[in-house]
Protein chains: 2
Amino acid sequence: MESRIDRIKKQLHGASYKLTPQREATVRVLLENEEDHLSAEDVYLLVKEKAPEIGLATVYRTLELLTELKIVDKINFGDGVSRYDLRQEGAAHFHHHLVCIECGAVDEIQEDLLEDVEAVVEKRWNFQIKDHRLTFHGICWRCTEKHAEEKNKENVNNPNNNEDF
Amino acid sequence: MESRIDRIKKQLHGASYKLTPQREATVRVLLENEEDHLSAEDVYLLVKEKAPEIGLATVYRTLELLTELKIVDKINFGDGVSRYDLRQEGAAHFHHHLVCIECGAVDEIQEDLLEDVEAVVEKRWNFQIKDHRLTFHGICWRCTEKHAEEKNKENVNNPNNNEDF
DNA sequence: TGTTTAATGATAATTAATATCAAATGATAA
DNA sequence: TTATCATTTGATATTAATTATCATTAAACA
Ligand SMILES: [Zn+2]
Ligand SMILES: [Zn+2]
Ligand SMILES: [Zn+2]
Ligand SMILES: [Zn+2]
């Protein structure tokens, strides 16, 4: 954690920015909620817990800065809100997402999976890929399991249930 | 074109909606600009040319309705605006996009390309995929060509240019 | 220490999208 | 046709996310 912050500090310095206390507090919130997909507002509320004097504008500015430096990626899942996602250290590309249309959960896929597709696109469309966004919308494993359980319960209560036939 | 509108009309009726003159005008604008990626505001301005009495709210409502019926897909390329894209008739999935980070052009990929990836995701992550969004960010072929031309010109003007060594 | 520059916080302004509601339209049945 | 009822519309108010502004503060400098 500390070493991660140190490296981010160096990245900022490399682009002649400072890691101010407000920026550090913001980065810490992102690190502590690495698996979440927080909006600027979400980050603001969490940062305020440790640094109550921080302003919303500063959070927006910090997130913008981190995006510019490719420390975080900005993504929009279709609700009108931008969300901010720490990039895996050293990752060449942004990771992928599974958005559940039933429960709203957002799961991550860290594996690349797109290598072949990107080779085709670069060649056939003569397009130099710098980054990508890949999001699947569907039903997550938790919701699928829940459905199976419910169906089970139904059949126990009513063994002659023949909806399957 | 007319037959396409007829089929959309039937889709609306099937869901017990009417194809009102306002809705038809909106659909026509989408058909006439099929390769563009119009925002609600863009659509509004274009529709007003043929149906000046239409209100912005109606355009938003129509686009929402068409999205619900999967006649159009709503997509966001990272500027804060939703854009609306006619789905290919009969297409199972939304097509992919190439967004140029230099000139802003948005090109389309109609080929699926994701079949294998989706099979892996469905199995390994136990996720039932219903739809997807795939966007590549990079440099389009036009910008690449332009760069090549510029470099050429440079070398003609200054044959001893040795920046390549 | 004074001087310059960068960063911050409060708040105003902008913008996209949604909500509200009275009026218009359209289909339906007497 | 006319009365009736639900749907749709247009104008406008409202909400919500983001950006802009600007005076103040903090940091680097020399
Ligand atoms: Zn789920
Ligand atoms: Zn993520
Ligand atoms: Zn380009
Ligand atoms: Zn498209």
Side-chain angles (χ1 to χ4, degrees), chain A residues 8-29 37-69 71-85, chain B residues 8-29 37-69 71-85:
Chain A
I8 289 173
K9 189 174 184 173
K10 277 178 195 127
Q11 275 189 267
L12 286 180
H13 287 165
S16 45
Y17 294 110
K18 307 165 198 167
L19 183 63
T20 63
Q22 291 90 338
R23 287 175 182 167
E24 182 173 336
T26 304
V27 169
R28 279 184 192 281
V29 162
H37 296 86
L38 304 175
S39 67
E41 189 76 28
D42 295 337
V43 174
Y44 173 61
L45 293 174
L46 288 167
V47 175
K48 274 199 99 161
E49 290 174 11
K50 13 174 88 170
E53 74 291 354
I54 202 171
L56 176 59
T58 301
V59 171
Y60 269 101
R61 283 184 291 234
T62 301
L63 291 171
E64 192 192 353
L65 177 60
L66 295 172
T67 303
E68 202 180 296
L69 298 179
I71 294 165
V72 308
D73 284 296
K74 194 175 176 178
I75 192 169
N76 184 304
F77 292 124
D79 56 348
V81 201
S82 290
R83 301 184 174 275
Y84 297 86
D85 211 351
Chain B
I8 290 173
K9 188 173 184 175
K10 276 179 194 126
Q11 274 189 268
L12 286 180
H13 287 164
S16 43
Y17 293 110
K18 306 164 198 167
L19 184 64
T20 63
Q22 291 90 338
R23 287 175 181 165
E24 183 173 335
T26 304
V27 169
R28 279 183 192 279
V29 163
H37 295 87
L38 304 174
S39 67
E41 189 76 28
D42 295 337
V43 174
Y44 173 60
L45 293 174
L46 288 168
V47 175
K48 275 199 100 161
E49 290 173 11
K50 13 174 87 170
E53 74 291 353
I54 202 170
L56 177 59
T58 301
V59 171
Y60 269 102
R61 282 183 292 234
T62 301
L63 291 172
E64 192 192 354
L65 176 61
L66 295 174
T67 303
E68 202 180 297
L69 298 179
I71 294 165
V72 307
D73 283 297
K74 193 175 176 178
I75 191 168
N76 184 304
F77 292 124
D79 56 347
V81 201
S82 291
R83 301 183 175 276
Y84 298 85
D85 211 351

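A, B, ... follow the sequence lines: proteins, then strands. Residue 1 opens every chain.
Note: OH (Tyr60(A)) to P (dT11(C)) measures 17 Å, nearest angstrom. When the P atom of dA6(C) is taken as reference, atom CG of Leu19(A) falls 17 Å away, rounded to whole Å. Distance, Leu12(B) CG to dT7(D) P: 15 Å, rounded to whole Å. Spacing between atom CG of Asp42(A) and atom P of dT18(D) amounts to 10 Å, rounded to whole angstrom units. Atom pair Ile54(A):CD1 and dA10(C):P shows a separation of 10 Å (rounding to whole Å applied). A straight line from CD of Glu64(B) to C1' of dT18(C) spans 9 Å, rounded to a whole angstrom. Counting to the nearest Å, the P atom of dT15(C) and the CG atom of Asn76(B) are 17 Å from each other. As rounded to whole Å, 13 Å separates atom C1' of dG26(C) from atom NZ of Lys9(B).
Here the side chains of Tyr17(B) and Glu68(B) are in contact, with some heavy-atom distance below 4.5 Å.
Not a single donor-acceptor pair under 3.5 Å links the side chain of Thr58(A) to the backbone N or O of Ile54(A). A donor-acceptor pair under 3.5 Å is formed between the side chain of Arg83(B) and the backbone N or O of His37(B). In this structure, the side chain of Thr26(A) engages the main chain of Gln22(A) through a donor-acceptor pair within 3.5 Å. A donor-acceptor distance shorter than 3.5 angstrom exists from the side chain of Arg23(B) to the backbone of Lys18(B), with no hydrogens or angles considered.
Just one residue in the list Val72(A), Asp42(A), Val29(A), Ile71(A) forms a side chain to side chain contact (heavy atoms under 4.5 Å, CB included) with Tyr84(A), and that residue is Val72(A).
With distances taken from any side-chain atom of Thr58(B) to the nucleotides dT18(C), dG10(D), dG9(C), the minimum falls on dG10(D).
Listed pair Thr20(A) / dA26(D) fails the phosphate criterion, with no side-chain N or O lying under 4.0 Å from OP1 or OP2. Residue Gln22(A) places at least one side-chain N or O under 4.0 Å from the OP1 or OP2 atom of dG9(C).
Sequence order on DNA chain C of the closest nucleotides to Lys18(A) and Val81(B) puts Lys18(A) first from the 5' end.
One end of the helix from dT1(C)-dA30(D) to dA30(C)-dT1(D) points its axis 20° away from the other end's axis, with each axis taken from 5 pairs and the angle rounded to 10°.
Across all strands, Leu56(B) comes closer than 4.0 Å to no nucleic acid atom at all (heavy-atom distances). Counting any heavy atom pair closer than 4.0 Å across all strands shown, Arg61(A) reaches a base atom. In this structure, Glu53(A) reaches the sugar-phosphate backbone alone: every heavy-atom distance under 4.0 Å involves primed, P, OP1 or OP2 atoms, never a base. Looking at heavy-atom distances under 4.0 Å, Ser39(B) makes no contact with the nucleic acid at all.
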**Request:** Given side chain to side chain contact (heavy atoms under 4.5 Å, CB included), test Asp73(A) with Thr67(A) step by step and report yes or no.
**Result:** CA-CA 6 Å; Asp73(A) 284 296; Thr67(A) 303; over 6 Å; no

